[in-house]
Amino acid sequence: PLSIETFNYASYHNLDEIYDFMDLLAAEKPSLVSKIQIGRSYEGRPINILKFSTGGVKRPAIWIDTGIHSREWVTQASGIVFAKKLLDGYGKDASVTSILDHFDIFLEIVTNPDGFAFTHSKNRMWRKTRSINSGSSCVGVDPNRNWDAGFGVAGSSGNPCSETYRGPRANSEPEVKAIVDFVKSHGNIKAFVSIHSYSQLLLYPFGYTSKKAADAQELDALAKKAVDALSSLHGTQYKYGSIITTIYQASGGTIDWTYEQGIKYSYTFELRDTGRYGFMLPASQIIPTAEETWLALKVIMEHTRDHPY
Amino acid sequence: TENFVGHQVLRISAADEAQVDKVKDLEELEDLQLDFWRAPVHPELPIDVRVPFASLQGVKVYLESHDIDYSIMIEDLQELVDEEQLHMSRRHFM
């Protein structure tokens with residue numbers, strides 16, 4: 001029988017296996033882990049997140065999501081490893097224990113379930129959601145252009161056939177709306193990390209405007225610290241900076257919205273690699289990628305813990 | 001199921017803004033079915049694009065005729081997809 005110990009963390013998994021894994025995790029340590037459904041995808045799949053909590057009510061919280069772009073398989077696979085590290089770490093790893101003694105952690109491993117299922121069934125290269133665009137034969141919206149932050153300005157497309165199609169309106173995608181509603185109803189999230197691949201970058205707001213974030217200096221210093229920690233494990237080199245200065249103008253993006261909601265520590269990772277395999281990163285690189293990223297995540301979580309606001 | 005036999009992923013290195021714009025012109029041609037893994041933005045950043053087999057010849061001629069440097073990042077995408085599927089199915093029987 002499948003168990004937390006026999007689960008193969010060094011392999012890619014399909015949607016059912018990941019959802020089964022989430023149930024295993026919640027069953028393994030119900031005092032620490034619970035599964036919450038925050039909505040339903042366009043095609044009706046449950047949108048599930050894991051909550052790691054050691055008690056308290058409406059405690060300050062940290063949010064991590066992976067897989068918003070469905071073809072970026074190393075991100076969902078890394079999310080599974082992060083979940084295991086949180087489960088194992090509490091009570092053993094001083095840093096994880098201290099963070100969980102003060103914060104709840106929410107982890108959404110499959111942020112775009114319809115798209116992810118489609119990469120396993122029909123098209124491995126699928127990136128967007130699977131919503132039907134009226135008046136077009138092209139399907140799907142880019143869920144990282146659909147947020148209400150600079151929505152519709154330069155940095156996204158109005159063409160439903162484009163991979164960066166912003167959608168008919170902000171939050172049109174149930175996968176995005178579910179997170180928006182959760183963040184607003186929770187109201188006490190202090191750090192928000194959305195994980196993509198590839199390019200090996202650590203990015204902070206803004207993407208839709210060249211206006212500097214009010215906390216840009218602190219975010220930049222923290223990004224450097226996180227990237228140094230990441231590189232210390234396998235020497236993987238990352239660049240860091242604001243989205244618009246480091247890569248390009250991108251509007252309607254997740255962390256621009258979370259930052260404008262007041263979540264200061266808003267970051268996006270672009271995991272391995274820099275362009276040998278791209279989205280087809282071999283499964284042999286799942287564990288090393290997740291391990292190095294975990295070091296950077298811990299730096300961000302520790303900083304959040306030590307700098308209440 | 002989408003088949004990627006013969007699809008290649010090219011890494012394009014634009015020398016200047018003008019060459020970036022030339023690549024952006026390609027992006028507009030929907031018939032080519034290009035899938036930009038890394039969008040054409042500015043010369044410092046590499047451009048990665050998945051090119052279906054049917055468009056490969058035309059795209060390469062276009063790049064070469066504009067002296068735009070490129071290399072082949074992935075020779076045949078379907079091979080990697082097959083490898084990945086094999087690894088996953090093998091894992092099922094471990």
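Quick caveat, the model's predicted, so the values are computed rather than measured. Naming: A, B, ... by sequence-line order, numbering from 1 per chain.
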From T274(A) OG1 over to R38(B) CZ, what is the distance, rounded to the nearest 0.5 angstrom? 7.0 Å
So does K84(A) have more than 12 non-hydrogen atoms from other groups sitting under 6.0 Å from NZ? yes
Give, as side chain, backbone, both or neither, the part of R127(A) having an atom under 4.5 angstrom from any heavy atom of chain B. neither
Please classify the contact of W73(A) with chain B as side chain, backbone, both or neither, using a heavy-atom distance under 4.5 Å. side chain
From S11(A), S284(A), P282(A), residue fulfilling side chain to side chain contact (heavy atoms under 4.5 Å, CB included) relative to H87(B): S11(A)
Pick one of side chain, backbone, both or neither for L45(B), based on which atoms fall under 4.5 Å of a heavy atom in chain A. side chain
Determine the minimum heavy-atom distance between V41(B) and I247(A), stating which atoms define it. CG1-O, 3.3 Å
Heavy-atom pairs under 4.5 Å with chain A, option from H42(B), R50(B), E44(B) with the top count: R50(B)
Within 6.0 Å of NZ in K224(A), more than 12 heavy atoms from elsewhere: no
In terms of heavy-atom pairs under 4.5 Å with chain B, which of E163(A), R276(A), M125(A) leads? M125(A)
When you measure from the side chain of S121(A) to the backbone of T1(B), do you find a donor-acceptor pair of N or O atoms at a distance under 3.5 Å? no
Decide yes or no for N159(A) and E30(B): does some side-chain heavy atom of the first lie under 4.5 Å from some side-chain heavy atom of the second? yes
If you apply the rule side-chain contact (heavy atoms from CB on, under 4.5 Å), what do you find for H120(A) with M88(B), and how did you get there? CA-CA 11 Å; H120(A) 280 270; M88(B) 283 178 68; 3.5 Å; yes
Contact class of S199(A) relative to chain B, heavy atoms under 4.5 angstrom: both
Select one option (side chain, backbone, both, neither) describing which atoms of V81(B) are under 4.5 Å from chain A's heavy atoms. both
Could you tell me which non-hydrogen atom of R11(B) sits nearest to which non-hydrogen atom of G275(A), and how far apart they are? NH2-CA, 3.4 Å
Evaluate whether atom NZ of K211(A) has more than 12 neighbouring non-hydrogen atoms of other residues, nucleotides or ligands under 6.0 angstrom away. yes
Minimum heavy-atom separation for Y198(A) to D48(B), with atom names? OH-OD2, 2.5 Å
Do R71(A) and D35(B) have side chains that get closer than 4.5 Å, going by heavy atoms? yes
Nearest-0.5 Å distance, CZ of residue F4(B) to CZ of residue R124(A): 8.5 Å
Between atom CE of M73(B) and atom CE of M280(A), what is the distance when rounded to the nearest 0.5 Å? 10.5 Å
State the CD-CZ distance between E2(B) and F118(A), to the nearest 0.5 angstrom. 7.5 Å
Non-hydrogen atoms of chain B under 4.5 Å away: do they reach the side chain of H13(A), the backbone, both or neither? both
The reported gap from CD1 in I74(B) to CZ in F279(A) (rounded to nearest 0.5 angstrom) is 10.0 Å
Between S197(A) and chain B, with a heavy-atom cut-off of 4.5 Å, which part of the residue counts as in contact: side chain, backbone, both or neither? neither
Counting only heavy atoms not in K239(A), do more than 12 sit closer than 6.0 Å to its NZ atom? no
So with a 6.0 Å cut-off around CZ of F53(B), is the heavy-atom count from everything else above 12? no
Rounded to the nearest 0.5 angstrom, the CH2-CD distance for W37(B) and E72(A) is 10.5 Å
